[in-house]
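Hydrogens, waters and symmetry mates play no part in the numbers below; they use all other heavy atoms, side chains included.
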Amino acid sequence: MPDQTPIDHPISKLSFFIRHTTAWKREVRENAEALREGLGKPGVLRNADVARVKRVYTEQQDDLALFEAQSARWAALPNLTGSRRMGLAELDENLAELRRLNAEVLDTAALLERATLEKQMAASDLEWGIAGIQGEMPRM
């Protein structure tokens, strides 16, 4: 993780964090679904595509840690109202779901990495012939 000094946001920003993580979660879920579709289509992504996905979602883990730390600092504040406690619970649920989705994307990227376009094109004529007889693409 790059050396990131966290900014301590005031609790008044809680609703912004909830809206941001809700939208972020929707985006990651859509990306996870798109990547899962690639599992049945070897050679659809290039090495560079998979490397970028892995880089972005590895960096995202660092961002999630910053959001989780902010939530923990807010949770430690004295005299939180009931609505702010409910907001923190919603934020924490969003962050937990983002963690799960992030791990899913990275796991899927690891699988896709084995069947990139470059790896498919590196398959020998024999591998292509056997795969053709079996009605599939060469497996790497």
Side-chain angles (χ1 to χ4, degrees):
M1 175 171 155
D3 186 25
Q4 296 180 4
T5 304
I7 298 169
D8 195 13
H9 296 278
I11 189 78
S12 61
K13 297 285 185 183
L14 177 58
S15 62
F16 166 80
F17 275 68
I18 293 169
R19 285 190 313 273
H20 179 72
T21 56
T22 298
W24 187 7
K25 190 171 57 170
R26 188 172 37 255
E27 179 183 318
V28 176
R29 187 177 292 117
E30 289 170 3
N31 290 341
E33 289 171 11
L35 283 174
R36 276 194 305 273
E37 288 177 18
L39 290 172
K41 303 173 185 175
V44 117
L45 295 176
R46 298 173 304 133
N47 288 340
D49 299 327
V50 175
R52 182 172 188 277
V53 167
K54 289 174 72 177
R55 179 182 51 80
V56 166
Y57 283 88
T58 297
E59 289 173 4
Q60 187 178 93
Q61 290 174 331
D62 296 338
D63 296 338
L64 285 168
L66 292 173
F67 277 68
E68 290 162 342
Q70 180 63 69
S71 180
R73 286 192 300 276
W74 284 336
L77 291 174
N79 303 323
L80 285 175
T81 64
S83 64
R84 285 191 169 156
R85 288 202 183 282
M86 286 177 33
L88 282 171
E90 183 179 351
L91 177 61
D92 290 342
E93 287 173 17
N94 284 351
L95 293 171
E97 180 67 2
L98 278 164
R99 275 269 174 221
R100 186 192 68 72
L101 289 166
N102 181 282
E104 181 182 325
V105 166
L106 288 170
D107 290 346
T108 303
L111 293 171
L112 290 168
E113 189 172 40
R114 294 188 276 171
T116 61
L117 176 63
E118 291 88 346
K119 290 190 176 151
Q120 291 294 311
M121 295 309 293
S124 70
D125 289 344
L126 176 62
E127 290 168 313
W128 277 104
I130 292 170
I133 290 170
Q134 295 173 336
E136 346 178 299
M137 301 260 312
R139 302 278 179 209
M140 303 312 286

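- When atom types are taken as modelled, the side chain of Trp24 and the backbone of Leu95 share no donor-acceptor pair closer than 3.5 angstrom.
- Lys13 has its side chain out of reach of Gln70: every pair of non-hydrogen atoms, C-beta onward, lies at least 4.5 Å apart.
- For Asp49 and Arg46, the salt-bridge test passes: some basic side-chain N is under 4.0 Å from an acidic carboxylate O.
- Here the straight-line distance linking atom CD of Glu27 with atom OG1 of Thr22 works out to 13.0 Å at 0.5 Å rounding.
- For the pair Leu80 and Trp74, the tightest heavy-atom approach, listed with the atom from each and the gap, is CD1-O, 3.3 Å.
- Screening Val50, Leu112, Leu111 against Leu35 for a side chain to side chain contact (heavy atoms under 4.5 Å, CB included) leaves a single residue, Leu112.
- From Glu68, atom CD reaches atom CG of Asp63 across 11.0 Å, with rounding to the nearest 0.5 Å.
- Once rounded to the nearest 0.5 Å, the distance linking CZ of Phe67 with CG of Asp92 reads 12.5 Å.
- Arg29 has no carboxylate O lying under 4.0 Å from a charged side-chain N of Glu33, or vice versa, which leaves the two without a salt bridge.
- Judged by distance alone, with hydrogens and angles left aside, the side-chain atoms of Thr21 form a donor-acceptor pair with the main-chain N or O of Phe17 at under 3.5 Å.
- Contact detail for Lys25 and Leu101: the closest heavy-atom pair is O-CD1, 3.8 Å.
- The distance from atom CD of Gln61 to atom CG of Asn102, rounded to the nearest 0.5 Å, is 4.5 Å.
- Ring geometry, Phe16 versus His20: the interplanar angle falls under 30°, so the pair is classed parallel (tilted spans 30 to 60°).
- Closest heavy-atom contact between Ala65 and Arg99: N-NH2, 3.5 Å.
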With salt bridge (Lys or Arg N to Asp or Glu O under 4.0 Å) as the test, would you mind laying out the steps for Arg55 and Glu59 before giving the verdict?
CA-CA 6 Å; Arg55 179 182 51 80; Glu59 289 173 4; 3.8 Å; yes
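- For the atom pair Arg73 CZ and Asp8 CG, the distance stands at 4.5 Å (nearest 0.5 Å).
- Closest non-hydrogen pair, Leu77 versus Arg85, comes out as O-NH2, 4.5 Å.
- Counting heavy atoms from C-beta on, the side chains of Ile18 and Leu14 come closer than 4.5 Å.
- To the nearest 0.5 Å, atoms CD (Glu113) and CG (Leu45) are separated by 11.0 Å.
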